[in-house]
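Notes to accompany the following structure.
Each chain gets a letter, A, B and so on, in the order the sequences are listed, and its residues count up from 1.
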2 protein chains.
Amino acid sequence: MLKEVIKTLTDRQKLILQAIVREYTDTGAAVGSKALTNRLPIHVSSATIRNEMAALEEAGYVQKEHTSSGRVPSLAGYRYYVDHLVNDDPVANNDIALIQSELGGSFSKIDEIVEESANLLSKLTSYTAFTLRPEQADVQLSGFRLVPLGNHQVMAILVMDNGDVANQTFSIPRSMESDQLESVVRLINDQLVGLPLPEVMLKLNTEIPAQIKQYMQTPDGFLGLFNQVLDQAAAERFFVGGRLNLLNFSVNRDPQDLKSLYQLFDTSDDIASVLSPPDNQVRVKIGDEIRNDLLKDYSLVTATYDVGQHGRGMIAVLGPTRMPYSRMIGLVGAFRHELAAKLLDYYRHLDE
Amino acid sequence: MLKEVIKTLTDRQKLILQAIVREYTDTGAAVGSKALTNRLPIHVSSATIRNEMAALEEAGYVQKEHTSSGRVPSLAGYRYYVDHLVNDDPVANNDIALIQSELGGSFSKIDEIVEESANLLSKLTSYTAFTLRPEQADVQLSGFRLVPLGNHQVMAILVMDNGDVANQTFSIPRSMESDQLESVVRLINDQLVGLPLPEVMLKLNTEIPAQIKQYMQTPDGFLGLFNQVLDQAAAERFFVGGRLNLLNFSVNRDPQDLKSLYQLFDTSDDIASVLSPPDNQVRVKIGDEIRNDLLKDYSLVTATYDVGQHGRGMIAVLGPTRMPYSRMIGLVGAFRHELAAKLLDYYRHLDE
DNA sequence: TTTTAGCACTTGAGCTATTTGAGTGCTAAG
DNA sequence: CTTAGCACTCAAATAGCTCAAGTGCTAAAA
């Protein structure tokens, strides 16, 4: 993709573009030259502003809704604003306080913390928020249990070395003896426990089936179960908060589109791919930069958060292109910081 | 509540009311006397129909949107239609086929079947569907396990005699010894296993705390956990399918109302109380008969389904008051039948 | 050369007729 | 009891008008 030529703007043009974006994201109405005279730190007449606006329009940063309307920022205008003109508003103190108090409670799983983060972030922004739990590249299977529950029901439990637990109940053939089960547990413990997950998956599809046949006639079901449990654990990485807020900032949209959007939220693989690039900053994607047709009228503020050896997660806020970017960027930045701190704290308690 | 006086209608008035309801639920537009002349099995002039319509309006079964508009059924009109004028349309063959094929797969839990039913029912109707899993009045706690997972993590597993399993992981104090845990398990098994759930809850709040104190300094957390697991199992009784379909038949509604509705769906206790009376028929509640302000512009078609000794569940469809009642009643009737059959089949496999 | 005042022009939003069509109630004749 | 006929009503669509906010351009002022 060719990088757009960035027109050089004079300082005054920058001030005007900044004022247009601020005013428009605040009010939602196209902004005219007269209205701007009051909002600018410098004193110039509306005629001068009109001239500058014409230049900004020429450069592609603002556009008109119709011949005699005020100007509205274009996607390029937002982009320029976000790249060069946002000011670092300090995050409101009570926002920080709210984050700390809501994340301050005691949680019994990281997933709960990450899920609650999605809700909290959507509450703070009034938009829709996404969170991805930290992914540890080298997580290992650290324990395997089969617990007979009676009635030919058995619960399989997988424990990971990062504290994650996955479980699933299933039925076993009536013909199966309990010492057969024990043999299977021993086999799994010998062969798979202590290995990183990708290796576990690999072995499950190569060596293990042959060995397990000694104890079970039809190991396929049992092995499928294993995959299922691991998949399920993987699926729970992704959380959405404030789904319904989408209704607030998507007025006048075809209900069919809304449905598609909600379906997109529910297919975590798809949406995750849309999200953050893995660099360590707050990032803003505007309109079609999101590279998803359904989201081309929205903006996305994303950031990773770093939990040291336990990997990195991601948080994101989806809102209208005319969102107050300064506030959002500040908020997401603060949030990622608080969340990382909370999770580090959580892991510290777990390990000690 | 006083029973409304039901005006006696002539046969011709019944035909006209029936035609009005049909036409209106089909098209959504108020229906006039002229349009009806073609839709009626008898031949009368529009003037006659006008006279009859005036009588129906007098009786409260239809109303006008404004002085010179056609007629629209009133809630009482729908009620009369549902009570006396629906015809038993045979359910479409491919609807039945679809139900059977979607429910035909193999499921590992009844909850999955009941949840899938909610989705399927919403798909069939294009409305929003609710399902409640069968409740067995006298379900007993049939097993209790504590599985140490390492790292001071323990998983508690409760098994019910109807095959339900609930589980939760939690952390224990580092000071706790494994023989203490074993004692607790023994205590629970001796005192609680084999009892019906309500009694389990009772004892947990009376005798048990004192006894458990022998092994644990602070049993509160542990007992709270127990409640939590049981609550969680209870919360999973209730499923919603086709939430988003609400958007289709709630156009022009305040987004705030929609949010309240979705919140209502998520508080299963509230919504469950709104649903079916426990008689063994397909029931229709129209508008304010639902006795919930948020739902007063909707209709609800509910039915119980009977799984013999394993109790009864419930299914329901929520749609606009102008829904095609004949089709809905037929469909819900067929669905409850198929679902009951599937569950009986499931339990038969489980018990054998 | 840059800024500004002034002015003619454009446009959507809001308002007020006006028309049209679907529908009603009523009356009087069949 | 039914129906044709007619005067009447009302929402929805259409057209015309005004108003406010905005623009671009020109020529004078700085």
Side-chain angles (χ1 to χ4, degrees), chain A residues 8-17 19-74 77 251-252 322, chain B residues 8-17 19-74 77 251-252 322:
Chain A
T8 325
L9 299 185
T10 66
D11 285 349
R12 192 167 66 186
Q13 285 168 344
K14 287 182 189 169
L15 279 178
I16 290 175
L17 177 55
I20 292 175
V21 173
R22 295 255 170 87
E23 187 70 10
Y24 183 67
T25 52
D26 276 6
T27 66
V31 346
S33 54
K34 192 102 162 268
L36 269 196
T37 54
N38 308 318
R39 309 287 147 98
L40 279 180
I42 53 176
H43 182 74
V44 284
S45 77
S46 63
T48 307
I49 296 180
R50 277 202 290 286
N51 289 332
E52 296 289 38
M53 279 176 154
L56 287 171
E57 183 164 2
E58 171 70 18
Y61 293 128
V62 297
Q63 47 197 194
K64 286 188 283 195
E65 293 177 327
H66 54 85
T67 325
S68 71
S69 78
R71 301 311 208 288
V72 164
S74 66
V251 282
N252 302 333
R322 51 159 286 230
Chain B
T8 325
L9 299 185
T10 65
D11 284 350
R12 191 167 66 185
Q13 285 167 344
K14 287 182 189 170
L15 279 177
I16 290 176
L17 176 56
I20 292 175
V21 173
R22 296 256 169 87
E23 187 69 10
Y24 184 67
T25 52
D26 276 5
T27 67
V31 347
S33 55
K34 193 102 163 269
L36 270 195
T37 53
N38 308 316
R39 310 285 145 99
L40 279 180
I42 53 177
H43 183 72
V44 284
S45 76
S46 63
T48 307
I49 296 181
R50 277 202 290 286
N51 289 333
E52 296 289 39
M53 278 175 154
L56 287 171
E57 183 165 2
E58 169 70 17
Y61 293 129
V62 298
Q63 48 196 196
K64 287 188 283 195
E65 293 177 327
H66 54 85
T67 325
S68 71
S69 79
R71 302 309 209 288
V72 164
S74 66
V251 283
N252 302 332
R322 49 160 288 233

Would you mind reading off the distance between [X] atom [atom1] and [N] atom [atom2], rounded to a whole angstrom?
{"X": "B/Gln63", "N": "D/dC10", "atom1": "CD", "atom2": "P", "answer": "17 Å"}
{"X": "A/Ile16", "N": "C/dT3", "atom1": "CD1", "atom2": "C1'", "answer": "13 Å"}
{"X": "B/His66", "N": "D/dC8", "atom1": "NE2", "atom2": "P", "answer": "19 Å"}
{"X": "A/Ile42", "N": "C/dT4", "atom1": "CD1", "atom2": "C1'", "answer": "14 Å"}

- Query: Where along nucleotides 13-30 of chain C does protein come under 4.0 Å, by heavy atom, of base (B) or sugar-phosphate alone (S), with - for untouched nucleotides?
  - Reply: ---------BBBB-----
Check [X] against [Y] and note the closest heavy-atom contact, atom names and distance.
{"X": "A/Ala35", "Y": "A/Arg39", "result": "O-CG, 3.6 Å"}
{"X": "B/Leu36", "Y": "B/Ala19", "result": "CD2-CB, 3.8 Å"}
{"X": "B/Glu52", "Y": "B/Ile16", "result": "CB-CD1, 3.5 Å"}
{"X": "B/Ala55", "Y": "B/Gln13", "result": "CB-NE2, 3.4 Å"}
{"X": "B/Glu65", "Y": "B/Ala30", "result": "OE1-CB, 3.9 Å"}

- Message: Looking at C/dT3, I'd like to know if its phosphate oxygens (OP1 or OP2) sit under 4.0 Å from a side-chain N or O belonging to A/Arg12.
- Response: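 Yes.
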- Query: Are OP1 or OP2 of C/dT4 and a side-chain N or O of A/Thr48 less than 4.0 angstrom apart?
  - Reply: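 True: A/Thr48 side-chain N/O within range (under 4.0 Å) of C/dT4 OP1/OP2.
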- For residues B/Thr25 and B/Arg322, is any side-chain donor paired with an opposing acceptor at under 3.5 Å?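 B/Arg322 and B/Thr25 do not have a side-chain donor-acceptor pair below 3.5 Å.
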